[in-house]
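Below is one structure, written out as structure tokens; comments come after it.
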Amino acid sequence: MTNEIFAPVRIGRLDLPHRLAMAPMTRSRATADGGLVTGLTAEYYEQRAAAALIVAEGTQPGVRGQGYIQTPGIHTAEQVDAWRQVTERVHAAGGRIFLQLLHTGRVGHPYLYPDGGLPEAPSAVASGEALYTADQGLLPHPVPRELTADDIAGVVRDFAAGARNAIDAGFDGVELHGANGYLVHQFLADGANRRTDAYGGPVANRIRFAVELVRAVTDAVGADRTALRISPGNTFNGITESDTAELYPALVAALAPYPLAYLHVVEPTPAQRPVVERLRAAWQGPLMLNSMHHGGGDPVEDARQLLAAGTADVVSLGARWLANPDLVARVRAGGPYNEADEATYYGGDHRGYTDYPALAPLAPAAG
């Protein structure tokens with residue numbers, strides 16, 4: 001089954017040499033002033049250029065898209081220039097890299113915005129969660145401001161502009177974050193979306209925003225450089241869905257006119273496997289799967305099984321890539337694997353970021 005991992009596959013305009021992608025992971029190491037990635041971030045991604053595809057961390061396409069401290073942006077010329085050093089080093093190392101575009105919606109806070117204004121969301125329904133800050137501790141998310149129809153059109157324009165900026169910065173494509181309780185997911189989920197206009201109510205209305213984003217971004221940079229991430233049944237960030245089994249097949253059907261580079265599905269629990277399999281059967285393009293549950297098992301072995309069963313074309317791994325920059329070499333060698341240090345996931349310096357060790361060279365054979 002190892003051959004399943006190392007079989008090449010084409011997504012969009014890219015030929016991937018194997019099937020283990022690096023999942024997008026917030027690391028909160030951009031500059032606090034300006035949301036700029038640094039040379040340290042360039043080193044981090046360069047080290048992991050052996051991934052089939054790197055999906056770089058969630059990056060805000062506008063000021064109000066930010067939901068965490070020290071996350072990067074892609075809406076200023078300085079941010080584009082900063083990201084260019086990342087893509088150049090990844091490409092020089094033989095890698096391929098997409099940028100994830102993320103608007104966090106109600107998962108935001110006035111603390112993060114220069115004007116001190118409210119976060120924005122489909123409806124004035126708070127997440128129930130909180131923002132971590134270094135100087136003020138945990139700050140509960142406020143009730144967000146409900147987006148108007150004109151506001152929604154503006155957010156769509158921001159995503160399209162962010163996608164163009166990403167391509168200008170040298171990325172091979174963009175992934176739209178429609179999962180994990182952020183803005184797109186908030187529109188999809190009836191627990192967060194209480195609207196009574198064309199963007200709320202029945203499923204056909206709640207998927208409208210996601211489809212409009214996909215249309216605008218594919219128009220801007222091409223469908224073969226665009227992907228979408230979704231997470232059926234995920235309750236992260238206070239999300240509730242009463243109709244997951246109806247909602248996501250309807251969304252995937254509405255995306256049929258757009259031959260995306262891939263659809264990225266996050267499977268939060270084993271209970272969602274039937275929905276994932278329905279989406280797999282319905283989606284005509286490449287499907288990337290991120291299975292968040294391993295039950296104490298090995299994520300690489302899980303990936304082998306998912307690929308062998310045809311459940312996914314590509315599997316994205318998070319902590320395994322975070323802690324093992326040479327993951328491909330370790331998989332070929334059958335391990336061992338470094339374990340990720342959760343204490344260094346968010347913020348900080350090179351520790352837990354660029355200092356994970358690679359496999360030691362093999363000792364010479366005894367003669």
Side-chain angles (χ1 to χ4, degrees), residues 4-25 48 50-59 87 90 95-102 159 162-163 166-167 171-180 182 184-185 188 207 210-211 213-232 234 248-249 251-267 272 275-292 302-303 306-318 321:
E4 296 287 345
I5 285 179
F6 292 105
V9 61
R10 186 170 180 85
I11 64 154
R13 56 183 72 185
L14 298 178
D15 290 312
L16 308 187
H18 59 86
R19 308 289 181 112
L20 294 181
M22 177 175 167
M25 291 172 280
R48 291 154 181 81
L53 175 69
I54 294 171
V55 186
E57 62 211 84
T59 299
T87 61
V90 168
R96 298 143 297 276
I97 184 168
F98 270 41
L99 182 66
Q100 187 185 72
L101 296 179
L102 167 61
F159 269 84
I167 299 303
F171 285 95
D172 297 301
V174 295
E175 178 182 287
L176 311 182
H177 199 338
N180 297 359
Y182 300 120
V184 177
H185 198 178
L188 294 173
I207 67 175
V211 175
L213 276 189
V214 167
R215 181 186 306 124
V217 172
T218 57
D219 285 348
V221 301
D224 58 357
R225 293 198 290 202
T226 304
L228 174 68
R229 193 182 213 211
I230 57 176
S231 58
N234 196 351
Y248 288 91
L251 173 61
V252 166
L255 296 175
Y258 309 99
L260 302 180
Y262 61 89
L263 179 68
H264 194 175
V265 181
V266 178
E267 184 182 66
Q272 298 306 327
V275 176
V276 170
E277 290 176 342
R278 284 186 63 190
L279 300 182
R280 171 60 168 172
W283 180 247
Q284 297 301 304
L287 189 141
M288 183 185 295
L289 183 61
N290 182 270
S291 183
M292 296 173 65
D302 283 356
L306 291 167
L307 294 166
T311 308
D313 298 297
V314 179
V315 173
S316 67
L317 299 177
W321 275 111

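Side chains of Val276 and Tyr248 form no contact here, defined as non-hydrogen atoms less than 4.5 Å apart. Here the side chains of Leu255 and Trp283 are in contact, with some heavy-atom distance below 4.5 Å. No side-chain heavy atom of Leu53 sits less than 4.5 Å from a side-chain heavy atom of Ile97. Between Leu176 and Val184, the closest side-chain pair of non-hydrogen atoms is not below 4.5 Å.
Leu99 and Ala166 make their closest contact through CD2-CB, 3.9 Å (heavy atoms, listed as atom of the first residue, atom of the second, distance). Heavy atoms only, all atoms of each residue included: Asp313 and Gly285 are closest at OD2-O, 4.1 Å. Across every non-hydrogen atom of Leu289 and Val265, the tightest pair is CD1-O, 3.2 Å. When all heavy atoms of Gly178 and His185 are compared, the pair lying nearest together is O-CB, 3.6 Å. Of all the heavy atoms in Ser291 and Glu267, the pair that sits closest is OG-OE1, 3.3 Å. When all heavy atoms of Ala56 and Pro24 are compared, the closest pair comes out as O-CB, 3.6 Å.
The line from CZ of Arg280 to CG of Leu263 is 10.0 Å long, rounded to the nearest 0.5 Å. His177 NE2 to Tyr182 OH: the interatomic distance, rounded to the nearest 0.5 Å, is 5.5 Å. Note: Leu307 CG to Ile5 CD1 = 6.5 Å, rounded to the nearest 0.5 Å. To the nearest 0.5 angstrom, Leu317 atom CG is 7.5 Å from Asn290 atom CG.
Ion pair Asp172/Arg96 not flagged as a salt bridge, since none of the NZ, NE, NH1 or NH2 atoms sits closer than 4.0 Å to an Asp/Glu carboxylate oxygen.
Ring geometry, Tyr262 versus Phe98: the interplanar angle falls from 30° to 60°, so the pair is classed tilted.
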* Can you list the steps and then say if Leu251 with Val211 is a side-chain contact (heavy atoms from CB on, under 4.5 Å)? -> CA-CA 8 Å; Leu251 173 61; Val211 175; 4.1 Å; yes

* Step-by-step side-chain contact (heavy atoms from CB on, under 4.5 Å) determination, Thr59 to Leu102 -> CA-CA 5 Å; Thr59 299; Leu102 167 61; over 6 Å; no

* Just do the side-chain contact (heavy atoms from CB on, under 4.5 Å) check on Leu279 and Ile230 with the steps written out, would you? => CA-CA 11 Å; Leu279 300 182; Ile230 57 176; 3.9 Å; yes

* Steps toward side-chain contact (heavy atoms from CB on, under 4.5 Å) verdict (Phe6, Leu20) -> CA-CA 8 Å; Phe6 292 105; Leu20 294 181; 5.8 Å; no

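With hydrogens and angles disregarded, no donor-acceptor distance shorter than 3.5 Å links the side chain of Arg19 to the backbone of Ala52. The backbone N or O of Ala216 sits nowhere less than 3.5 Å from a side-chain atom of Thr218 that would complete a donor-acceptor pair. At least one donor-acceptor pair under 3.5 Å links the side chain of His18 to the backbone N or O of Ala50. In this structure a side-chain-to-backbone donor-acceptor pair under 3.5 Å is present from Ser231 to Asn180. A donor-acceptor distance shorter than 3.5 angstrom exists from the side chain of Trp321 to the backbone of Ala21, with no hydrogens or angles considered. Using modelled atom types, no side-chain atom of Asp15 and backbone atom of Arg10 make a donor-acceptor pair closer than 3.5 Å.
The side chain to side chain donor-acceptor pair (under 3.5 Å) analysis of residues 219-230, with sequence neighbours excluded, yields the pairs Arg13-Asp224, Arg229-His264.
Between the side chains of Gln100 and Glu175, at least one donor N or O lies within less than 3.5 Å of an accepting N or O.
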